[in-house]
Amino acid sequence: MNISFLGNWRKKHGPACGVAVFSGGDVDHEGIAELLSECELLRSQAEDAGVELDDTAAALEALDQMVPRWRDDEEMLPWLGNDAGLYLGTVIVRTVPGAGWTILPSGRPVVRLATGREIDVVATGHAWAAHGAPELSQLYAEVAEG
C-alpha cells in the first residue's frame, strides 16, 4: 500500500511497533493468552516455509532457520516482529512452569517467570525479525534453564 503521507510520517518517526492490551476490569488470563497466541502473520510465513508452529522449542528453532524474506518489506517487519515476540511468549507460557502473561500499566504484554523476572518478548521479537538476533530458541533455552 503506497500512501504518501504515511511514507512521510515513517521517515520522521520510523515504523510503528509494539502491542498493547487494555482491560477494563477483571482480567481473563486465559482469553488474553489465547488472543496473544494467534500470531497470524508469523503462522502464515511459517506455513509458506513449511514450518509447523506447534508451540514447542523445536518450532522456535525452525523459525530461527527460516530465510528472512520479510526484511525487505518495511510494512511487514514490525507486524512480524510483534507476532514473533508473542509466539515466543506463548511457547514460554505453555512450557515453562510458573510462567504467565502480565500486562504492564502501559498495556504492553510481558512474560513473568516464577522467579519474578519479566521478559519483554515483543522487543525480542522485533530484534529477531529485523536482525535475526537474539535467536528465539536461544532466549527460550535461557528461560527454560533458569
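Reckoned from all heavy atoms, side chains included, excluding hydrogens, waters and symmetry mates. Model, not experiment: these values are computed from the prediction.
Closest of all the heavy-atom pairs between Val51 and Ala62 is CG1-CB, 3.6 Å. Of all non-hydrogen atoms in Val91 and Ala57, the two that sit nearest each other are CG1-N, 4.2 Å. Residues Glu38 and Arg43 share a closest heavy-atom pair of O-NE, 2.8 Å. The two atoms that bring Asp54 and Ala59 nearest to each other are OD1-CB, 3.5 Å, heavy atoms only.
Residues Asp83 and Trp79 have side chains not in contact (no heavy-atom distance under 4.5 Å, counting atoms from C-beta outward). Residues Val111 and Glu118 form no side-chain contact, since every pair of their non-hydrogen atoms from C-beta on lies 4.5 Å or further apart. Ile92 places a side-chain heavy atom less than 4.5 Å from the side chain of Leu113. You'll find the side chain of Thr90 reaches within 4.5 Å of the side chain of Trp101, heavy atoms only.
Distance CD/Glu61 to CG/Leu63: 10.5 Å, rounded to 0.5 Å. The CG atom of Leu104 sits 7.5 Å away from atom CG of Asp120, with the distance rounded to the nearest 0.5 Å. We find the CG-CG distance between Leu41 and Asn82 to be 9.5 Å, quoted to the nearest 0.5 Å. Annotation: the span from Leu60 atom CG to Asp55 atom CG amounts to 9.0 Å, rounded to 0.5 Å. Residue Arg112 holds its CZ atom at 10.5 Å from CD1 of Ile103, rounded to the nearest 0.5 Å. The CZ atom of Arg71 sits 12.0 Å away from the CZ atom of Arg69 when rounded to the nearest 0.5 Å.
Identified under the ring pair (Phe, Tyr, Trp, His ring centres under 6.0 Å) test for residues 48-76, with sequence neighbours left out: Trp70-Trp128.
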Exercise answer: donor-acceptor pairs, residues 133-141 side-chain atoms, under 3.5 Å, sequence neighbours excluded:
unit_1 : atom_1 : unit_2 : atom_2 : d
Ser137 : OG     : Asp64  : OD2    : 2.6
Tyr140 : OH     : Thr95  : OG1    : 2.8

